[in-house]
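Remarks on the structure that follows.
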Amino acid sequence: MTVLRIGNASGFYGDRFDALREMLTGGDLDVLTGDYLAELTMLILARDRLKDPAAGYARTFPRQLEDTLGLAHERGVRIVTNAGGLNPAGLAGAVRDLAGRLGIPVRVAHVEGDDLTAAHPGSLAAHAYLGGFGIAAALRAGADIVVTGRVTDAALVSGPAAAHFGWGPADHDRLAGAVVAGHVLECGTQATGGNYAFFQDGDVRRPGFPLAEIHPDGSSVITKHPGTGGFVDIGTVTAQLLYETGGARYAGPDVTARLDTVRLGREAPDRVRIEGVRGEAPPPALKVGVNRLGGFRNEVAFVLTGLDIEAKAALVREQMGDVLAKAPPAEVRWELVRTDRPDAATEETASALLRLVVRDPDQAVVGRPLTAAAVELALAGYPGFHVLAPPGKGSPYGVFEDAYVPQGDVAHAAVLHDGRRVAVAPPEDTRPLRPLGEPPLPAPLPPGPVRRAPLGLVAGARSGDKGGNANVGVWARTEDAWRWLAHELTAERFRELLPEARPLPVTRHTLPNLRALNFVVEGILGAGAAAQARFDPQAKALGEWLRSRHLDIPEALL
């Protein structure tokens with residue numbers, strides 16, 4: 001059967017608006033996907049739904065279709081998106097209304113069964129991560145557009161591939177190959193030079209969106225339309241493969257993909273082949289993302305300028321102490337960020353920030369009394385007193401947690417354009433997820449002179465969030481650098497380099513085929529990105545912080 005060309009036009013809710021048109025006009029495609037959902041996005045959509053029960057989906061998607069639906073229809077490109085969020089039926093109806101107004105005869109289907117909110121009292125949204133076979137059922141029945149709610153990001157690719165090639169639930173290796181390709185595509189331009197450690201290797205001012213050429217055996221080639229910005233090489237694909245993953249077993253609802261079997265090869269400029277991926281039966285349970293209201297949060301950022309920074313910070317803390325003691329918030333966090341420099345040429349570079357962050361279930365506790373006390377210090381505090389922004393009332397924050405349900409407990413179904421429902425059976429063959437043993441390490445480099453230098457001179461990194469945990473994938477660009485990295489960057493050394501991780505469980509996973517190490521740091525993000533527990537709440541820059549840290553690196557690598 002022919003190669004299936006699947007493109008991506010969105011990596012998150014708010015991505016480049018005109019990407020849909022760019023992908024449809026930039027070259028040949030069979031399927032165009034759009035990934036709009038993340039853990040934080042589900043909370044945002046849940047809050048939208050509280051205001052309007054008819055809301056709950058990505059409102060930008062119908063607007064993107066306004067001037068591209070006809071183009072997709074003319075070119076025979078099918079569109080698959082999870083923009084349905086919490087209300088896939090609502091978005092499917094909106095797309096049908098749009099098609100009717102435009103006079104374009106398209107068949108719109110949607111996938112449902114993921115919404116388990118009723119089974120989790122007190123949650124704003126609780127949704128199971130479905131696989132790709134609901135999408136496949138809709139496409140096999142003739143759908144031109146398939147709208148889903150919470151499916152795994154990779155399902156947007158594995159579903160169309162299963163429909164096109166006739167794969168079934170037992171085709172584990174083929175499904176695993178498509179899942180890996182889907183994981184590379186899911187974050188859009190992160191596969192074409194965006195957020196890339198070695199971004200200076202190419203022109204990434206406006207990276208093009210990626211596409212995958214999927215083959216019948218599940219292998220693929222990652223590329224992009226000719227003439228678009230950015231670049232695709234083994235490094236950009238490796239970085240995205242490591243993003244938001246854990247160990248060598250990458251579990252999903254349809255298959256567990258073995259990341260330790262992935263082989264990458266440069267086929268031509270901007271073309272990277274993925275092959276050799278092995279798959280195993282999926283776990284018996286589905287992950288459920290549960291979003292709850294965690295309470296209320298407030299923040300005041302005091303600007304400290306010039307001399308005596310530490311003494312000024314101590315004075316603020318003392319002056320605010322009485323107010324905080326009268327009605328103590330459940331959580332109080334002070335953080336002094338030393339952005340100041342001695343003898344600075346500008347006022348901004350002479351200044352440091354003292355951040356006060358408070359959280360409590362009661363909005364009043366973190367609201368006006370607290371912020372009024374901060375404002376009242378304006379003429380009674382340290383010299384040069386001012387704050388970054390006027391303090392306000394406390395704002396709600398969310399908490400994300402994982403739950404699990406048996407695969408058979410979810411009513412996964414495709415709802416076709418004519419209203420018929422096609423039930424999607426759970427997989428007959430499942431396998432409990434167990435970690436793999438650590439593979440053998442390469443031979444270490446022979447002893448030689450070393451130089452103190454940043455890790456990032458010899459290794460790339462990409463980091464991200466999964467609930468309250470963060471992962472940091474680190475990879476070497478050469479075999480010699482890998483021989484050094486595999487022995488040098490232990491979990492203990494990782495903790496030394498990133499002091500925030502010292503009291504936390506850190507697990508290292510080794511992926512020799514990718515010359516990579518993947519570190520999972522448990523609990524560093526508290527209750528998830530929406531809780532904003534740290535300065536970088538989604539751990540997006542944790543890898544870049546690691547790359548900036550200095551180690552004794554063999555001079556032969558520098």
Side-chain angles (χ1 to χ4, degrees), residues 13-14 38-53 55-56 59 85-86 117 121-125 290-305 312-337 339 348 351-382 384-401 465 467-468 525-538:
Y13 188 12
E39 292 166 0
L40 182 59
T41 313
M42 298 298 279
L43 179 65
I44 293 168
L45 294 176
R47 292 176 63 182
D48 286 349
R49 189 171 59 176
L50 287 176
K51 301 172 188 174
D52 178 6
R59 289 170 291 181
L86 279 59
T117 306
S123 67
L124 292 175
V290 182
N291 285 278
R292 305 183 188 277
L293 180 64
F296 296 87
R297 176 187 185 277
N298 211 342
E299 177 175 345
V300 185
F302 301 91
V303 183
L304 316 175
T305 305
K312 290 171 180 173
L315 177 59
V316 176
R317 295 185 64 159
E318 217 173 314
Q319 290 177 309
M320 291 294 295
D322 291 341
V323 178
L324 293 171
K326 285 178 184 176
E331 181 182 344
V332 178
R333 178 187 239 181
W334 290 96
E335 187 174 4
L336 179 59
V337 185
T339 53
E348 187 171 0
S351 300
L353 295 178
L354 178 65
R355 297 174 65 232
L356 167 62
V357 179
V358 291
R359 291 185 176 81
D360 197 87
D362 185 351
Q363 187 174 21
V365 172
V366 299
R368 295 297 182 190
L370 177 75
T371 56
V375 171
E376 288 167 5
L377 295 179
L379 305 180
Y382 59 85
F385 178 99
H386 63 288
V387 295
L388 276 186
K393 62 181 182 179
S395 57
Y397 70 88
V399 169
F400 178 89
E401 59 189 34
D465 63 305
L525 303 180
Q532 300 181 51
R534 64 189 298 275
F535 171 67
D536 174 18
Q538 291 181 284

List the atom of G384, the atom of H386, and the distance in Å for their closest heavy-atom pair. O-ND1, 3.1 Å

At what distance, to the nearest 0.5 angstrom, does CG of L124 lie from CG of L50? 5.5 Å

Does D360 use its side chain to pair, donor to acceptor, with the backbone of A330 at less than 3.5 Å? yes

Rounded to the nearest 0.5 Å, how far does CG of L315 lie from CG of L304? 10.0 Å

Apply the test side-chain contact (heavy atoms from CB on, under 4.5 Å) to residues V303 and L353: give CA-CA distance (whole Å), side-chain angles for both, the deciding distance (0.1 Å), then the verdict. CA-CA 5 Å; V303 183; L353 295 178; 3.9 Å; yes

To the closest 0.5 Å, what do you measure between CD1 (I44) and CG (L40)? 4.5 Å

Side-chain contact test, heavy atoms from C-beta onward, threshold under 4.5 Å: evaluate it for V300 versus M320 and give yes or no. no

When you measure from the side chain of E401 to the backbone of V290, do you find a donor-acceptor pair of N or O atoms at a distance under 3.5 Å? no

What is the distance from atom CZ of R355 to atom CG of L336, rounded to the nearest 0.5 Å? 11.5 Å

Quick one, L356 and V332 - any side-chain contact, counting heavy atoms below 4.5 Å? yes

Separation between CG (L354) and NZ (K312), nearest 0.5 Å, reads 12.0 Å

Within a reach of under 6.0 Å around CD of E348, are more than 12 heavy atoms found that belong to other residues, nucleotides or ligands? no

Going by the rule ring-ring contact (aromatic ring centres under 6.0 Å, His included), which residues pair with F385 if we only count those two or more places apart in sequence or in a different chain? F302, Y382

Examine distances only and state if a side-chain atom of Y13 and a backbone atom of M42 form a donor-acceptor pair shorter than 3.5 Å. no

d(D536 CG, L525 CG) to nearest 0.5 Å is 8.0 Å

Is there a side-chain contact between V399 and N291 (heavy atoms, below 4.5 Å)? no

Test your reading of the model: is there a side-chain donor-acceptor pair from T339 to the backbone of S351, 3.5 Å cut-off? yes

Using atom types as modelled, flag every donor-acceptor pair under 3.5 Å from a side chain in residues 365-374 to any protein atom, sequence neighbours excluded.
unit_1: T371; atom_1: OG1; unit_2: G367; atom_2: O; d: 3.4
unit_1: T371; atom_1: OG1; unit_2: R368; atom_2: O; d: 3.2

Does the pair T117 and L86 meet the rule for a side-chain contact (heavy atoms from CB on, under 4.5 Å), with working shown? CA-CA 10 Å; T117 306; L86 279 59; over 6 Å; no

Between Q319 (side chain) and A380 (backbone), is there a donor-acceptor pair under 3.5 Å? yes

R47, CZ atom: more than 12 neighbouring heavy atoms under 6.0 Å: no

Heavy-atom check, side chain of F400 versus side chain of D465, under 4.5 Å: no

